[in-house]
Engineer: 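One structure, as structure tokens, below. Some questions next.
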Amino acid sequence: MSLFVTFEGPEGSGKSTQARLLYESLHARRFPVILTREPGGTRIGDLIRRIVLDLQHTEMAPTTEMLLFSAARAQLVSEVIRPYLDQGGIVLCDRYADSTFAYQGYGLGRDLAELRVITAAATGGLRPDITFYLDISAVEGLERKCRKGARSTGQHGVGVEWNRLDARELEYHRRVEAGYRELIAADPERWRVLDARQSIEALAEQIAAIVEPYLASITRLETVP
Ligand SMILES: Nc1ncnc2c1ncn2[C@@H]1O[C@H](COP(=O)(O)OP(=O)(O)O)[C@@H](O)[C@H]1O
Ligand SMILES: [Mg+2]
């Protein structure tokens, strides 16, 4: 058996923090686990990530954006995620296909049926076993991210990770948030919604507890004698 876990939510909700903590705890327990992220996670995907998140690319057409995300995802699934799951491993992914529906679908108003077709092609139909939604308002998330940016650069909102998509207007981020709610309502078995305003430690504990039952079917790595 294998396990595919994804992390979703607005920017600044703590996805990368929680994905890393879960990775570290599973790795320490000798579970076969990898942590990857979207867009990126492969050599080709990282190049696409640079194009898609570049603040200077203001002329990027919504169709281009959607196809680039999907192209990066196709590469990640075929090069990294699918092979690792086939070996019986655990894959943790910081954002996945749901982000396309939330950001390009609900956020930018793209046709959802069209997105489903393209996403099915990009993923080969691969869906996560568990998707954590780190629930925080878009405003609060962006504030967290701004604070982080301000600390690291001395300039408000110009943090290391501040990107083209974060810079969109607040109304867009609100549509994304509402879109996530619809995705969750449509597939409540897969989604686990957590209040992202809790402490990092409290969230990590809840995530670990939800994942624990799934670990019974995963074969641990041999301990080197
Ligand atoms: N539960 C939390 N409470 C307070 N701050 C947090 C929490 N989780 C993460 N942070 C901080 O918020 C910022 C964004 O976290 P990050 O994990 O990068 O979010 P994301 O990957 O969702 O954008 C970081 O500075 C991080 O340390
Ligand atoms: Mg992140």
Side-chain angles (χ1 to χ4, degrees), residues 1-43 45-46 49 53 72-73 75-77 79-99 123 126-136 140-149 151-152 159-163 166 180 190-225:
M1 287 288 284
S2 60
L3 179 62
F4 183 24
V5 180
T6 60
F7 294 82
E8 296 285 349
E11 280 310 287
S13 60
K15 297 179 300 298
S16 302
T17 303
Q18 294 302 329
R20 187 178 44 77
L21 287 173
L22 181 60
Y23 171 81
E24 284 167 3
S25 86
L26 294 173
H27 182 71
R29 292 167 65 193
R30 302 201 60 77
F31 281 103
V33 59
I34 55 170
L35 170 60
T36 187
R37 68 166 180 185
E38 278 213 2
T42 63
R43 194 161 60 114
D46 283 333
R49 181 187 179 92
L53 298 183
R73 180 168 307 130
Q75 188 64 30
L76 183 64
V77 168
E79 186 182 329
V80 177
I81 299 179
R82 186 70 91 175
Y84 204 75
L85 293 175
D86 285 347
Q87 290 169 37
I90 304 169
V91 176
L92 311 180
C93 197
D94 187 347
R95 293 199 179 283
Y96 186 61
D98 295 305
S99 286
T123 62
L126 178 68
R127 288 155 63 84
D129 299 297
I130 308 171
T131 299
F132 289 107
Y133 184 71
L134 292 166
D135 193 3
I136 195 167
E140 269 183 90
L142 286 172
E143 276 172 4
R144 264 190 198 172
K145 204 163 167 171
C146 273
R147 275 204 298 278
K148 179 185 180 183
R151 274 205 308 278
S152 58
V160 265
E161 289 180 42
W162 193 258
N163 65 48
D166 297 332
Y180 269 127
R190 171 167 65 90
W191 289 87
R192 305 299 155 91
V193 180
L194 302 173
D195 181 351
R197 291 168 304 176
Q198 300 175 87
S199 72
I200 289 174
E201 297 72 23
L203 283 161
E205 263 178 47
Q206 287 158 34
I207 288 170
I210 289 166
V211 167
E212 194 62 35
Y214 291 82
L215 301 177
S217 68
I218 308 289
T219 310
R220 292 196 211 200
L221 300 167
E222 298 288 324
T223 313
V224 182

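Computation of the quantities below employed the complete heavy-atom set of this structure, encompassing side-chain atoms and omitting hydrogens, waters and symmetry-equivalent molecules.
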Engineer: Is there side-chain contact between Leu142 and Pro10, with at least one heavy-atom pair below 4.5 Å?
Structural biologist: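 A side-chain contact is absent here, since even the closest heavy-atom pair is not under 4.5 Å.
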Engineer: How long is the straight-line distance from CZ of Arg220 back to CG of Leu26, given to the nearest 0.5 Å?
Structural biologist: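 Between Leu26 CG and Arg220 CZ, I get 9.5 Å after rounding to 0.5 Å.
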Engineer: Going by heavy atoms in the side chains, are Ile81 and Tyr96 under 4.5 Å from each other?
Structural biologist: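 Yes - at least one pair of side-chain heavy atoms lies under 4.5 Å apart.
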Engineer: Considering non-hydrogen atoms only, spot the tightest contact between Gly88 and Ile218 and give its length.
Structural biologist: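 That would be O-CG2, 3.8 Å.
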Engineer: So, taking the atom named CZ in Phe31 and the one named OG in Ser25, what distance separates them when rounded to the nearest 0.5 Å?
Structural biologist: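 Rounded to the nearest 0.5 Å, the CZ-OG separation comes out at 9.0 Å.
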Engineer: Using atom types as modelled and distance alone, determine if a side-chain donor or acceptor of Arg37 lies under 3.5 Å from a backbone N or O of Arg95.
Structural biologist: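 Judged by distance alone, no pair lies under 3.5 Å.
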Engineer: Can you tell if the side chain of Glu8 reaches within under 4.5 Å of the side chain of Trp191, non-hydrogen atoms only?
Structural biologist: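 Yes, at least one pair of side-chain atoms sits under 4.5 Å.
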Engineer: Taking all heavy atoms of Glu79 and all of Pro83, pick out the closest pair and write down the distance.
Structural biologist: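 Closest approach of Glu79 to Pro83: O-CG, 3.6 Å.
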Engineer: Evaluate the side-chain proximity of Arg82 to Asp86: yes if any heavy-atom separation is below 4.5 Å, no if none is.
Structural biologist: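 Yes, side chains in contact.
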Engineer: Within a reach of under 6.0 Å around CD of Glu205, are more than 12 heavy atoms found that belong to other residues, nucleotides or ligands?
Structural biologist: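 Open: at most 12 neighbouring heavy atoms sit under 6.0 Å from CD of Glu205.
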Engineer: Please report the interatomic distance CG(Asp94) to OG1(Thr17), rounded to the nearest 0.5 Å.
Structural biologist: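 With rounding to 0.5 Å, CG (Asp94) is 9.0 Å from OG1 (Thr17).
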Engineer: Kindly assign one of parallel, tilted or perpendicular to the pair Tyr180 and Tyr133, based on the angle between their ring planes and the thresholds 30° and 60°.
Structural biologist: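 Judged by the thresholds at 30° and 60°, the geometry between Tyr180 and Tyr133 is tilted.
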Engineer: Test side chain to side chain contact (heavy atoms under 4.5 Å, CB included) on Phe132 and Leu203 and set out the steps.
Structural biologist: CA-CA 11 Å; Phe132 289 107; Leu203 283 161; over 6 Å; no
Engineer: To check you understand the geometry: which heavy-atom pair defines the closest contact between Ser217 and Met1, and what is its length?
Structural biologist: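 Heavy-atom minimum between the residues: OG-CB, 3.3 Å.
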Engineer: Ser13 and Leu134: which non-hydrogen atoms are nearest, and at how many Å?
Structural biologist: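 For Ser13 and Leu134, the tightest heavy-atom pair comes out as CB-O, 3.5 Å.
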Engineer: Is the backbone N or O of Gly9 less than 3.5 Å from a side-chain atom of Lys15, with the two atoms forming a donor-acceptor pair by type?
Structural biologist: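 Pair found, side chain donor or acceptor close to backbone of Gly9.
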Engineer: In Å, rounded to the nearest 0.5 Å, how long is the span from CG of Asp129 to OH of Tyr214?
Structural biologist: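 These two atoms lie 7.0 Å from each other.
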Engineer: Do the charged groups of Arg29 and Glu212 touch, with an N to O distance under 4.0 Å?
Structural biologist: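 Salt bridge between Arg29 and Glu212, a charged N being under 4.0 Å from a carboxylate O: yes.
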Engineer: Kindly indicate whether the side chain of Leu215, heavy atoms from C-beta on, has any atom under 4.5 Å from the side chain of Ile90.
Structural biologist: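 SC-SC contact between Leu215 and Ile90 confirmed.
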Engineer: Begin from the C-alpha positions of Leu92 and Val5 and carry the test side chain to side chain contact (heavy atoms under 4.5 Å, CB included) through to its verdict.
Structural biologist: CA-CA 5 Å; Leu92 311 180; Val5 180; 3.8 Å; yes
Engineer: How long is the span from the OG1 atom in Thr219 to the CD atom in Gln87, to the nearest 0.5 Å?
Structural biologist: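 So the OG1 of Thr219 and the CD of Gln87 are separated by 12.0 Å.
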Engineer: Are there more than 12 heavy atoms of other residues, nucleotides or ligands under 6.0 Å from atom CZ of Arg190?
Structural biologist: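 Enclosed: over 12 neighbouring heavy atoms sit under 6.0 Å from CZ of Arg190.
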Engineer: Do you know the tightest heavy-atom contact between Val91 and Thr36?
Structural biologist: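 Looks like CG1-CG2, 4.3 Å.
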Engineer: Taking C-beta and beyond as the side chain, do Phe7 and Ile207 meet within less than 4.5 Å on heavy atoms?
Structural biologist: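 Yes. Closest side-chain heavy atoms under 4.5 Å.
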Engineer: If you look at every heavy atom in Ala196 and Ile136, which pair is closest and at what distance?
Structural biologist: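 For Ala196 versus Ile136, the nearest heavy atoms are CB-CB, 3.9 Å.
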Engineer: Please determine whether the number of non-hydrogen atoms from other residues, nucleotides or ligands lying under 6.0 Å from atom CZ of Arg20 exceeds 12.
Structural biologist: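 More than 12 heavy atoms, drawn from other residues, nucleotides or ligands, come within 6.0 Å of this atom.
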Engineer: Taking side chain as C-beta onward, heavy atoms only, is Thr6 less than 4.5 Å from Glu38?
Structural biologist: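 The answer is no; the side chains never approach within 4.5 Å.
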Engineer: Do the non-hydrogen side-chain atoms of Gln18 and Ile200 ever get within less than 4.5 Å of each other?
Structural biologist: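 The answer is yes; the side chains approach within 4.5 Å.
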